[in-house]
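Before any comments, here is the structure.
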Amino acid sequence: MSATQLAERPAADAEDGQPLLLVRDLTTAFDTAAGPFRAVDGVSFDLHRGGSLGIVGESGSGKTVLTRTIMNLLPRQGVARSGTVRFDGHQIERFGPKQMRHLWGAEMGLILQDPMTSLNPVMTIGHQLVEPLRIHAGFTRSRARAVALETLRSVGMPAPEKRMGEYPHQLSGGMRQRVTIAISLVCGPKLVVADEPTTALDVTVQRQILELLADQQQDRRMALLMITHDLGVVANRTDEILVMYAGRVVERAPTRALFREHRHPYTQGLLRSIPRLADPSHHRLQAIPGSPPDLTNLAAGCAFAPRCPAAQPRCVAEAPPLVPQGSGHEVACHFPVGTPEGDRARAENVAAGRSATGAEVTA
């Protein structure tokens, strides 16, 4: 199937209400010298055309491997994948590299966290913008250049005509990130995956980039998958949030509901670690104690139990399933935050000064 044929297909959700991206029970496991481990374990979600989804978690939680699996960017050897990934009616997991080349760039855009390594240092900005249009859309060089220039303008690049002839090392970090966004948008994809797009930027530029992505998503009616370790990045910028830990979804909810009524202790820890303007000067941030688990040697119970302030013996013995906690809200926890059983478990651990798994607990 050619890029032109793919572009002419109507979006699946525009036809029958089906999601643009459907992921069901997705699992990705790697074979390593230390033994096999599941980087992604049974993840499911839907993303509709024009919608936005935030995937949040610490480094090692599996969020980047999840997106690489969805986009079929993982190596063919040493990796075992199962589950379903359907994009715009296509069963992505069945596609080979040749078929995926018609989707990458044309239908699915990717924004990486470090533009200096994702941009080609020996090609001008203009060449890197024109090339996808020539390959996927079959544009003439003059038409491709005109579209590339207009795309640079749309992402707020100053003096775009000048930048077309420059190289990545001649631009600031913020400008380079605008270029990577322009490259991901230039062919008009239906889905853009932004993997930590603001990690290497200072705070003021970070806000500009996030606002730019939100504006472009609305203007182009594209779906946006935002990957980050910072809940503050996705606040007010996504429709829904998935919180991942040790390869699994531990909480899923509409964005406002997650901030207002989060239920998982890990989500609570992530929220408490966000700096606040109301905090006094030199205020110590609240960190989540301990470290992420070794995925090659996961215990039978809840992976977060060794770091959880409400952990009980049941948490050590039995992994909690993802269960409903309200409209569109799901959590994988035996003793959710804000529930009588959760409050009681935490109070017992605080009184004892130690959790059921040996982790230090404070009020």
Side-chain angles (χ1 to χ4, degrees), residues 1-14 19-21 47-53 67-68 70-73 85-90 92 95-113 115 118-120 123-157 160-161 163-165 168 175-195 197 209 212-227:
M1 184 176 292
S2 68
T4 302
Q5 289 172 318
L6 286 169
E8 290 174 351
R9 286 175 52 91
D13 57 335
L20 176 69
L21 177 65
L47 182 58
H48 288 264
R49 184 79 180 261
S52 55
L53 174 68
T67 60
R68 297 298 190 275
I70 290 170
M71 296 190 71
N72 229 343
L73 287 170
V85 179
R86 183 177 299 150
F87 173 74
D88 198 24
H90 306 294
I92 296 295
F95 278 21
K98 289 184 179 180
Q99 292 168 300
M100 287 305 303
R101 287 191 191 103
H102 296 307
L103 291 178
W104 293 327
E107 302 287 306
M108 308 170 81
L110 177 62
I111 304 170
L112 298 173
Q113 61 179 295
S118 60
L119 294 174
N120 192 320
M123 290 185 179
T124 63
I125 300 305
H127 183 90
Q128 296 183 63
L129 279 162
V130 166
E131 186 178 35
L133 290 166
R134 299 269 288 167
I135 293 172
H136 294 297
F139 286 1
T140 63
R141 188 170 299 279
S142 59
R143 186 182 177 192
R145 182 175 176 80
V147 173
L149 191 58
E150 182 57 34
T151 305
L152 272 185
R153 287 197 186 97
S154 72
V155 299
M157 176 66 76
E161 296 87 353
R163 308 306 173 198
M164 290 280 286
M175 287 182 179
R176 285 194 292 266
Q177 195 62 290
R178 289 178 189 272
V179 170
T180 62
I181 293 172
I183 292 173
S184 72
L185 298 177
V186 72
C187 290
K190 296 171 183 175
L191 169 68
V192 169
V193 178
D195 188 358
I209 295 300
L212 169 62
L213 281 173
D215 291 342
Q216 290 293 323
Q217 182 212 355
Q218 292 180 1
D219 292 345
R220 297 170 182 265
R221 197 173 169 265
M222 65 185 185
L224 178 64
L225 193 58
M226 180 82 75
I227 314 301

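It should be emphasised that the depicted structure is a prediction, and the values quoted were computed from it without experimental measurement. The figures here come from the full heavy-atom set of this structure, side chains too, leaving out hydrogens, waters and symmetry mates. We count residues from 1, following the sequence as given.
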Any residue meeting salt bridge (charged side-chain N to carboxylate O under 4.0 Å, His left out) with R68, in chain and number order, not counting sequence neighbours: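 Result, salt bridge (charged side-chain N to carboxylate O under 4.0 Å, His left out) vs R68: D195.
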Can you sort out the partners of R163 under salt bridge (charged side-chain N to carboxylate O under 4.0 Å, His left out), two or more places apart, ordered by chain and number? E166
Looking at every non-hydrogen atom in both residues, tell me the closest pair between [X] and [Y] and how far apart they are.
X    : Y    : answer
S118 : L112 : CB-CD1, 3.7 Å
H136 : G105 : NE2-CA, 4.2 Å
L225 : T67  : CD2-CG2, 4.2 Å
A144 : V130 : CB-CG1, 3.7 Å
P189 : G109 : CB-N, 3.8 Å

Excluding sequence neighbours, so at least two apart, what forms side-chain hydrogen bond (donor to acceptor under 3.5 Å, both in side chains) with T180? Q177
Taking 4.0 angstrom as the limit, do R153 and E150 come out as a salt bridge? yes
Can you sort out the partners of [X] under side-chain contact (heavy atoms from CB on, under 4.5 Å), two or more places apart, ordered by chain and number?
X    : answer
R176 : P115, M116, L119, P168, L171
S142 : T140
A223 : L20, L47, L191

Output, in order, the C-alpha distance, side-chain angles, deciding distance and verdict of side-chain contact (heavy atoms from CB on, under 4.5 Å) for T124 and M164. CA-CA 7 Å; T124 63; M164 290 280 286; over 6 Å; no
[atom1]-[atom2] distance between [X] and [Y], expressed to the nearest 0.5 angstrom:
X    : Y    : atom1 : atom2 : result
L213 : S184 : CG    : OG    : 7.5 Å
R145 : E161 : CZ    : CD    : 8.5 Å
L129 : R134 : CG    : CZ    : 14.0 Å
I70  : R86  : CD1   : CZ    : 14.0 Å
M157 : I125 : CE    : CD1   : 7.0 Å
L212 : Q217 : CG    : CD    : 11.5 Å

Less than 4.5 Å apart, side chain to side chain, heavy atoms only: is that true for L224 and L53?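 Result no, sub-4.5 Å side-chain heavy-atom pair not found.
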Any donor-acceptor N/O pair, [X] side chain to [Y] backbone, under 3.5 Å:
X    : Y    : value
R49  : R221 : yes
Q128 : I183 : no
W104 : M71  : yes

Give the intermediate values and the outcome of side-chain contact (heavy atoms from CB on, under 4.5 Å) for residues V192 and Q216. CA-CA 10 Å; V192 169; Q216 290 293 323; over 6 Å; no
Tested for side chain to side chain contact (heavy atoms under 4.5 Å, CB included) against F95, the lone hit among R101, H102, H90 is H90
Can S154 and R220 be said to form a side-chain contact (heavy atoms from CB on, under 4.5 Å), step by step? CA-CA 11 Å; S154 72; R220 297 170 182 265; 3.7 Å; yes
Evaluate the criterion side-chain contact (heavy atoms from CB on, under 4.5 Å) for residue pair R178 and I209; output intermediate values, then yes/no. CA-CA 7 Å; R178 289 178 189 272; I209 295 300; 3.9 Å; yes
